[in-house]
2 protein chains.
Amino acid sequence: MKTKLPNQKQIEHLKDICNKAGIKLTHQRLAIFRELMISHDHPSAEIIHKRLEKSLPTLAIDTVYRTLSTFNELGIVKKLHLKNERTLFDANPDQHHHFICTRCKAVKDLYWEDFDKSTLPESIHNIGHIQFRHLELHGLCNRCLKESNL
Amino acid sequence: MKTKLPNQKQIEHLKDICNKAGIKLTHQRLAIFRELMISHDHPSAEIIHKRLEKSLPTLAIDTVYRTLSTFNELGIVKKLHLKNERTLFDANPDQHHHFICTRCKAVKDLYWEDFDKSTLPESIHNIGHIQFRHLELHGLCNRCLKESNL
DNA sequence: AATTAAATAGTAATTATTCTTGTTGACTTT
DNA sequence: AAAGTCAACAAGAATAATTACTATTTAATT
């Protein structure tokens, strides 16, 4: 399932992306990209920084954050839970999910009972025992849609 | 869908919960609870603090955080995204979802194509236009399951 | 090789959240 | 009702993740 391209191909791909985006492929970016490609454990910026300590002792943590943000914008990585914002609290006790507007960050409750009732894939048993599921739908809310069409 | 109990009943419910948990129902806790009950916009601790500024000018932001954490443990509210932990990055380009262990916080990829193909409920048209979906399954991973059974 | 603009390192700043400490105030016991 | 007790609080300090600032370096271009 997880496509594992040969290393050189991945790097060519990165070069392509950087060229198209008009940004430079620096040592630091390449090193962070390589580290991401061999890491299968969803590392944090700090962990990536630590892992590159030996090969790039002068690498600044700031650069790791900036590069990961750049990669995020280029679609190379995804931030797992978007923590730029404050923790939000939800007092709705009913089973529900969330729509999050990528533009204005508004959060709206939504209900999807068919999904709540659906059975999980068999492969779950290889991973663990589920206590609850939380779905986030990301997109543009109707208000922001209108505004962007003006 | 969203059950809206009459106010007095909700407060009785809170009293019950506090009694059972052996904690006091203080002015501050009651005020924060009331604010949560009339807020339908997933407020942050800071916003709740601001909204209570007039009625409780001496309320400390720290108390809001502490109370919300207490409420979280009591199941009265849920934290939406936890600012506390580090942002994690995912370089797997394939459509996938995540299992998150509630105990060791490990994150594992999982694939669920049936869900990816399923059509969203009609009601999302009232909310906005979806760009992507992200599912989080929370539970105990097999390793933590074993350890807790020792 | 020189130029130029983007990217980096190092350090400082910012910001959400939590901790520390002394105080308050709601119960309990007398 | 007065004194005692302990959870909960306010205030300000501390922490930790992330971002901003600035002088320097580096990659791409001429």
Nucleotide D/dA11, atom C1' - distance to CG of B/Leu59 in whole Å: 12 Å

side-chain N/O A/Thr63 vs C/dA9 OP1/OP2, d < 4.0 Å: yes

Separation of D/dC9 P from B/Leu52 CG (nearest whole Å): 13 Å

Sugar-phosphate only, base, or nothing, as touched by A/Arg66 at under 4.0 Å among non-hydrogen atoms: base

Rounded distance (Å) that lies between atom C1' of C/dA13 and atom CD1 of A/Ile61: 16 Å

Sugar-phosphate only, base, or nothing, as touched by B/Ile23 at under 4.0 Å among non-hydrogen atoms: sugar-phosphate

Interatomic distance, A/Asn72 CG vs D/dT19 C1' [rounded to whole Å]: 15 Å

Donor-acceptor pair present, B/Asp62 side chain and C/dC19 base, under 3.5 Å: yes

Interatomic distance, B/Glu46 CD vs C/dT17 P [rounded to whole Å]: 8 Å

B/Asp116 versus B/His97, side-chain donor and acceptor atoms under 3.5 Å: yes

Length of the CD-P vector between B/Gln28 and C/dT23, whole Å: 18 Å

Closest nucleotide among C/dA26, C/dA9, D/dA27 to the B/His27 side chain: C/dA26

Any donor-acceptor pair under 3.5 Å from B/His49 side chain to B/Leu59 backbone: yes

Distance in angstrom units between A/Glu53 CD and C/dA9 C1', rounded: 15 Å

Between P of C/dT8 and NE2 of A/His49, the distance in whole Å: 13 Å

Plane angle bin for A/His96 and A/Tyr111 - parallel if under 30°, tilted between 30 and 60°, otherwise perpendicular: tilted

Side chain of A/Lys24 - closest among C/dG10, D/dA28, D/dA8: D/dA28

D/dC9 phosphate, OP1 or OP2, under 4.0 Å from B/Thr26 side-chain N/O: yes

Atom pair CZ/CG of B/Arg29 and B/Leu74 - distance to nearest 0.5 Å: 8.5 Å

Heavy-atom donor-acceptor pair, B/Arg133 side chain to B/Phe115 backbone, under 3.5 Å: yes

